[in-house]
Amino acid sequence: MKEDVPQLKHIVNKRRPLQLWLSLAVFAVLIGGLILILQPWRTIKNVSVASTVVSKEQIKKYVNVGQTTPYWRLVGQQAFIENRLQSQNNKIDSVKVTLNDGDVLFTVVERVNAGFVQQKGQWYAINQQGNRHSVSQPDGDAPVYTGFKSDDTLAKTAVTFSNFEASLRQNISQIIFSPTKENPKRLKIIMADGNTVLATTTTFGQKIVYYPGIAAQMKAKGVVDLQFGAFSYNYKS
């Protein structure tokens, strides 16, 4: 048994250099992989922003990124950067950061302000989910709702409005619930371009898409009637 001890020590001593080399090899692979991922010699070549809310200059300021920024500063940090951008601007609903070679793209989804309504002397802002919070007064960036007796109808109309293209939303200055005997669900929409749209709460979202094309063909300002069809006529008619 005693004769086996030196032989056992020899085997252990022989294994130690092998284990050391294996550890060094694994460490070298990890370091090499990290260098390949981070690529410290690379820099950002181009910054692009897809947004109607924030400009490229604002993005650069918020994130401190631009041409010649080290590439490794963004790799693996997308989630952190996205959260940072959301906290910097309350008009941002979500952000996606995409890295492609030396290019970085910031795709921004805005938090839509669906409009304002006044109840018992207090102004409320309506968000894209139809929920409200009190404000001092409208800021002019979204329509004012009037005439609505039902909170549910108001909320659904606001949600519908939130899904419109930004250019269409910006052209709507007032949404009035204006029922008639023929159409108890009628909406009267005052457009910023001088036209008036007549619509129905249940089909407002589907039919408003016809408005730009109809308005472009009108020779004078007037009414675009989307209640039961899709046609227009001048105010003087």
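All of these numbers come straight from a predicted model, not from anything done at the bench.
With hydrogens and angles disregarded, a donor-acceptor distance shorter than 3.5 Å links the side chain of S173 to the backbone of I190. Judged by distance alone, the side chain of Q58 and the main-chain N or O of S55 form a donor-acceptor pair under 3.5 Å. Side chain of Q122 to backbone of V135: a donor-acceptor contact under 3.5 angstrom is found. A distance-only check finds no donor-acceptor pair linking the side chain of T200 to the backbone of T202 [under 3.5 Å]. A donor-acceptor contact shorter than 3.5 Å is absent between the side chain of Q137 and the backbone of W123. Looking at K207, its side chain never comes within 3.5 Å of a backbone N or O of A230 through a donor-acceptor pair. K96 contributes no side-chain N or O that, together with a main-chain N or O of Q78, makes up a donor-acceptor pair within less than 3.5 Å. When atom types are taken as modelled, the side chain of Q86 and the backbone of D93 share a donor-acceptor pair closer than 3.5 angstrom.
To the nearest 0.5 Å, the span separating CG on N171 from OH on Y211 amounts to 5.0 Å. Of the inter-residue distances, the one linking K185 atom NZ with Q227 atom CD reads 13.5 Å to the nearest 0.5 angstrom. Rounding to the nearest 0.5 angstrom, the gap separating the OH atom in Y62 from the CZ atom in R84 is 10.5 Å. One distance of note links CG of L187 with CD1 of I208; it measures 9.5 Å at 0.5 Å rounding. One distance of note links CD of Q206 with CG of L226; it measures 11.5 Å at 0.5 Å rounding. Separating the OG atom in S232 from the CG atom in L198 is a distance of 11.5 Å, to the nearest 0.5 Å.
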Open item on the list: Could you walk me through whether V108 and N89 satisfy the side-chain contact (heavy atoms from CB on, under 4.5 Å) test, starting with their C-alpha distance in whole Å, then the side-chain angles of each, then the deciding distance to 0.1 Å, before giving a yes or no?
Closed with: CA-CA 11 Å; V108 180; N89 193 315; over 6 Å; no
- [ ] Take M191 and I172 through the side-chain contact (heavy atoms from CB on, under 4.5 Å) test and state the conclusion after the steps.
- [x] CA-CA 5 Å; M191 308 299 289; I172 297 176; 3.8 Å; yes
Task: Verdict with reasoning, D151 to Q119, per side-chain contact (heavy atoms from CB on, under 4.5 Å) - done: CA-CA 11 Å; D151 289 344; Q119 293 181 333; 3.5 Å; yes
TODO: Could you walk me through whether K91 and N113 pass side-chain contact (heavy atoms from CB on, under 4.5 Å), step by step?
DONE: CA-CA 8 Å; K91 291 186 176 181; N113 179 1; over 6 Å; no
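Under the 3.5 Å distance criterion, with hydrogens and angles disregarded, a donor-acceptor pair is assigned to the side chains of N46 and S48. At a cut-off of 3.5 Å, with distance as the only test, no side-chain donor of N131 or Q129 sits close to an acceptor on the other residue.
In the hydrophobic clustering of this structure, V117 does not group with I176; members are Ile, Leu, Val, Met, Phe, Trp, Tyr whose side-chain heavy atoms approach within less than 4.5 Å, directly or through other members. Follow the hydrophobic side-chain contacts under 4.5 Å out from V95 and you reach V54 in the same cluster. If you chain together hydrophobic residues whose side chains sit under 4.5 Å apart, L168 and V159 never meet in one group. There is a path of hydrophobic side-chain contacts, each under 4.5 Å, that joins I126 to F164.
Counting non-hydrogen atoms of neighbouring residues, nucleotides and ligands closer than 6.0 angstrom, the CZ atom of F177 exceeds 12 such neighbours. Within 6.0 Å of the NZ atom in K61, the count of heavy atoms belonging to other residues, nucleotides or ligands does not exceed 12. Other residues, nucleotides and ligands contribute only 12 or fewer heavy atoms inside 6.0 Å of the CZ atom of F80. Atom NZ of K60 is surrounded by more than 12 heavy atoms from other residues, nucleotides or ligands within 6.0 Å.
The nearest pair of heavy atoms linking G130 to A155 is O-CB, 3.8 Å. Of all non-hydrogen atoms in N127 and S162, the two that sit nearest each other are O-OG, 4.3 Å. Residue T196 comes nearest to K188 through the heavy atom pair CG2-CG, 3.9 Å, listed as atom of the first residue, atom of the second, then distance. The two atoms that bring M218 and Y233 nearest to each other are CE-O, 4.4 Å, heavy atoms only. When all heavy atoms of L154 and R132 are compared, the pair lying nearest together is CD2-NH1, 4.0 Å. Between L85 and I92, the closest heavy-atom pair is O-CD1, 3.6 Å.
Checked against F231 for a side-chain contact (heavy atoms from CB on, under 4.5 Å), the options D225, V223, I214, V224 give a single hit: D225.
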Donor-acceptor list for residues 138-148 side chains, cut-off 3.5 Å, not counting sequence neighbours:
| from | atom 1 | to | atom 2 | distance (Å) |
| --- | --- | --- | --- | --- |
| D139 | OD1 | D141 | N | 2.9 |
| Y145 | OH | A114 | O | 2.7 |
| T146 | OG1 | Q174 | NE2 | 3.4 |

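D193 is listed as a side-chain neighbour of K221, based on a closest heavy-atom distance under 4.5 Å.
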